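A quick note: this is a predicted structure, and the numbers were derived from the prediction, not measured.
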Amino acid sequence: MQIKAPRGTYDILPEQSAKWQWMEKILKQTAYEFGYREIRTPIFEHTELFERGVGETSDIVSKEMYTFKDKAERSITLRPEGTASCARAFIEHGFYSGLLPVKWYYSGPMFRYDRPQTGRFRQFHQFGVEAFGSDNPFLDAEVIILLMEIVKLLGVKEPELHINSVGCPVCRPMYRQLLIEYLEPIKTALCSDCQLRYAVNPLRVIDCKNHSCQAAIKEHPLLSDSLCPDCTLHYQKVKSALSANGIDFIHDDNLVRGLDYYTNTAFEVHIPGLGAQSAVGGGGRYNGLVKECGGPDVPGVGFALGMERMLLAADLYQDQQEPANPVDVFIITMESRFIDQAMQLTTQIRRAGISADMDYNDRSPRAQMKFADKIKARLVIMIGEEEIEKGYYLVRDMQTSNQYQVDRETLTENLPGILLKNEED
RNA sequence: GUGGGUGUAGCUCAGUUGGCUAGAGCACCAGAUUGUGGCUCUGGGGGCCGUGGGUUCAAGUCCCAUCAUCCACCCCA
């Protein structure tokens with residue numbers, strides 16, 4: 001049987017990679033402008049990092065990780081997300097005793113053993129930022145503004161920003177208790193998943209998409225009514241900072257992050273029309289994470305965005321110009337015995353910083369022309385007996401079909417000018 | 001993990017109630033055009049019909065299994 005890419009993985013072919021490069025450039029440049037610098041962490045880590053950093057009760061850890069034993073029997077896991085690795089690196093290199101906050105961005109493949117679907121893969125790519133070492137609500141706002149700026153620059157017209165506050169270790173347990181008391185009498189009306197959630201992580205019952213559950217809990221107590229004064233103030237400052245910077249948002253009581261080290265701000269960006277997996281990016285504040293991973297009690301905030309989903313979203317608003325990647329110059333030989341000169345000329349042009357290619361399949365001049373046309377070469381240079389003898393090469397502009405005899409000695413230095421003229425046409 | 005749809009050429013797909021050597025368009029290669037692309041015409045190469053079993057005189061077509069893929073649930077990015 002033919003070997004195919006494993007389930008949930010795929011190839012990004014050259015035709016597509018131009019689009020990826022376009023997106024990656026915007027991502028990195030925008031994060032850079034916001035003061036974030038790149039960090040590259042390993043693609044696999046000790047399994048324990050994710051168990052502690054993501055949370056053992058989460059779906060990610062309990063059923064979606066690519067975990068294996070290495071040859072020395074260490075339990076290794078292909079990273080399912082990027083935040084835990086950043087927290088680990090932050091602690092490992094002692095950044096907590098240096099200049100704070102530290103602001104990092106990362107980009108790369110993540111792995112989750114999920115069932116593939118529109119916008120969902122087993123190897124997928126995330127871009128994310130993390131800011132460690134400040135509890136200032138304006139930093140929450142900065143992270144959100146950065147995400148929204150990126151979404152806008154990628155051409156997505158109507159993103160929906162949902163935000164909420166999930167409280168802190170002071171007020172959330174109180175709310176949790178309130179919720180348990182509310183759910184207890186009606187728990188038999190909940191779906192089987194929610195009955196499990198009720199026992200393990202009752203906050204997650206709130207964002208169940210099941211209609212009967214939503215109906216059953218319609219009157220549930222709201223987290224926003226139970227926030228302590230500090231958390232209320234923090235949330236208000238985030239919201240007013242967003243408004244002051246022209247960011248629209250929807251307060252969403254049902255947006256929750258159940259784990260203990262998530263605190264205060266939680267947010268998600270949805271793109272209507274993306275299919276079931278409409279969340280293109282999400283994040284929040286995680287003041288308990290660094291401590292959970294074995295470091296000091298340092299706050300943090302960040303987001304991650306799904307690059308595949310982001311490209312899907314950008315495709316919905318296709319006023320982006322398709323990035324073409326033609327070759328500048330194609331060298332043709334009129335007889336195959338001139339291939340030696342063709343290669344030397346190609347090398348010379350490439351060394352001048354101009355993209356150039358030639359025929360390696362011993363094609364007829366006509367077939368070489370066809371080839372040059374198909375790869376959208378802008379100029380063709382022809383080498384034949386007459387050219388060799390008389391010391392010039394024939395340069396053909398493929399758009400206008402004009403041909404020039406250009407002296408062999410000055411050809412390379414004249415090419416940029418000819419290409420520029422070609423661009424103007 | 002659960003449910004539904006789909007698997008025929010590199011790609012998009014046709015293929016009748018089971019019946020001759022499995023087709024089209026696009027793409028690729030060559031020629032028409034002996035030193036010149038796009039248009040046109042002619043020819044050519046390409047198929048374990050996803051895989052394995054079964055029913056039948058006969059299976060691309062029917063049945064079962066399996067794998068892959070798509071969509072949804074779940075969850076998340």
Side-chain angles (χ1 to χ4, degrees), chain A residues 1-10 13 15 54 57-64 79-83 107-128 147 151 191-194 196-197 201 204 207-211 213 255-258 267-271 274-283 302-313 330 332-336 338 361-388 394-403:
Chain A
M1 242 246 295
Q2 190 189 165
I3 297 175
K4 294 194 278 190
R7 175 156 219 209
T9 70
Y10 64 101
L13 303 173
E15 209 181 320
V54 181
T57 61
S58 69
D59 282 34
I60 290 178
V61 172
S62 60
K63 53 191 190 198
E64 294 174 2
R79 63 180 186 193
E81 55 100 54
T83 303
S107 177
M110 305 293 166
F111 305 84
R112 289 185 203 172
Y113 194 89
D114 244 357
R115 189 112 174 222
Q117 201 183 323
T118 308
R120 191 168 78 186
F121 305 90
R122 289 185 172 179
Q123 175 175 339
F124 62 104
H125 298 79
Q126 279 188 345
F127 174 88
L147 175 57
V151 169
C191 69
S192 55
D193 284 335
C194 279
L196 209 73
R197 291 186 187 116
N201 194 346
R204 297 262 309 279
D207 68 348
C208 179
K209 274 76 175 180
N210 192 312
H211 292 299
C213 287
L255 179 59
V256 292
R257 291 280 191 283
F267 58 93
E268 275 178 12
V269 177
H270 291 262
I271 312 292
L274 253 203
Q277 311 298 326
S278 67
V280 74
F303 72 73
L305 75 79
M307 296 170 77
E308 280 82 1
R309 290 181 191 179
M310 206 54 246
L311 277 183
L312 279 177
F330 194 80
I332 282 176
T333 53
M334 291 314 191
E335 295 166 57
S336 57
F338 299 128
N361 290 54
D362 202 20
R363 288 179 227 259
S364 68
R366 187 178 128 78
Q368 290 180 65
M369 280 298 288
K370 281 189 167 197
F371 188 90
D373 185 53
K374 277 173 193 148
I375 64 170
K376 298 186 171 70
R378 295 163 63 193
L379 299 179
V380 159
I381 299 177
M382 283 169 262
I383 304 178
E385 188 155 21
E386 193 183 325
E387 286 78 4
I388 299 284
L394 207 51
V395 178
R396 181 184 180 88
D397 183 319
M398 293 297 275
Q399 261 164 29
T400 62
S401 299
N402 293 334
Q403 293 193 171

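As judged by a 4.0 angstrom heavy-atom cut-off over every strand, A:Gly8 is placed among residues touching the sugar-phosphate backbone only. Contact annotation for A:Gly128: no contact, since no heavy-atom pair falls under 4.0 Å across all strands. Heavy atoms of A:Gln277 sit under 4.0 angstrom from at least one base atom. As judged by a 4.0 angstrom heavy-atom cut-off over every strand, A:Phe338 is placed among residues making no nucleic acid contact. A:Met382 comes within contact range of at least one nucleobase, with a heavy-atom separation under 4.0 Å.
Electrostatic pairing of A:Arg7 and A:Asp114 does not count as a salt bridge here, judged by no charged N lying under 4.0 Å from a carboxylate O.
Side chain of A:Leu394, nearest nucleotide from B:U36, B:C74, B:C70: B:U36. Side-chain proximity of A:Thr118 to B:G35, B:C71, B:G37: nearest is B:C71. Comparing B:A77, B:U69, B:A30 by their nearest atom to the side chain of A:Arg7 picks out B:U69.
Regarding contacts with the backbone of B:U2, every side-chain N or O of A:Arg115 stays at 4.0 angstrom or more from both OP1 and OP2. Proximity of A:Ser364 to the phosphate of B:G35: no side-chain N or O atom is located under 4.0 Å from OP1 or OP2. Contact check, A:Gln368 against B:G37: no side-chain N or O comes under 4.0 Å of OP1 or OP2. Contact check, A:Lys374 against B:C29: a side-chain N or O comes under 4.0 Å of OP1 or OP2.
With both ends at atom C1', the span from B:U6 to B:C49 equals 14 Å, rounded to whole Å.
With values rounded to the nearest 0.5 angstrom, A:Met110 atom CE is found 9.5 Å from A:Met307 atom CE.
Using a 3.5 Å distance cut-off with no hydrogens or angles, the side chains of A:Gln277 and A:Gln117 do pair a donor with an acceptor.
Heavy-atom distances to RNA chain B give each of A:Pro365 and A:Val280 a nearest nucleotide, and the one nearer the 5′ end belongs to A:Pro365. Taking the nucleotide of RNA chain B with the nearest heavy atom to each of A:Gly306 and A:Gln117, the more 5' of the two is matched to A:Gln117.
Residue side chain A:Arg120 reaches the base of B:C74 through a donor-acceptor N/O pair under 3.5 Å, judged by distance alone. The base of B:G35 is not paired with the side chain of A:Arg366 by any donor and acceptor separated by under 3.5 Å. One donor-acceptor pair, N or O on each side, does fall under 3.5 Å between the base of B:G38 and the side chain of A:Ser401. Applying the 3.5 Å distance criterion, the base of B:C76 shares no donor-acceptor pair with the side chain of A:Gln126. The base of B:G35 is not paired with the side chain of A:Gln403 by any donor and acceptor separated by under 3.5 Å.
Counting only Watson-Crick or G-U wobble pairs whose defining distances are both under 3.5 Å, the stems of 3 or more consecutive pairs in RNA chain B are B:1-7 with B:67-73, B:10-13 with B:23-26, B:28-32 with B:40-44, B:50-54 with B:62-66.
In this structure, the aromatic ring of A:Phe371 is not positioned over the six-membered ring of the base of B:G37 within 5.5 Å between centres and 30° between planes.
Judged by the 6.0 Å distance and 45° axis criteria, A:Arg122 is positioned over the aromatic ring of A:Tyr113.
To the nearest angstrom, C1' of B:A77 lies 12 Å from CG of A:Leu312.
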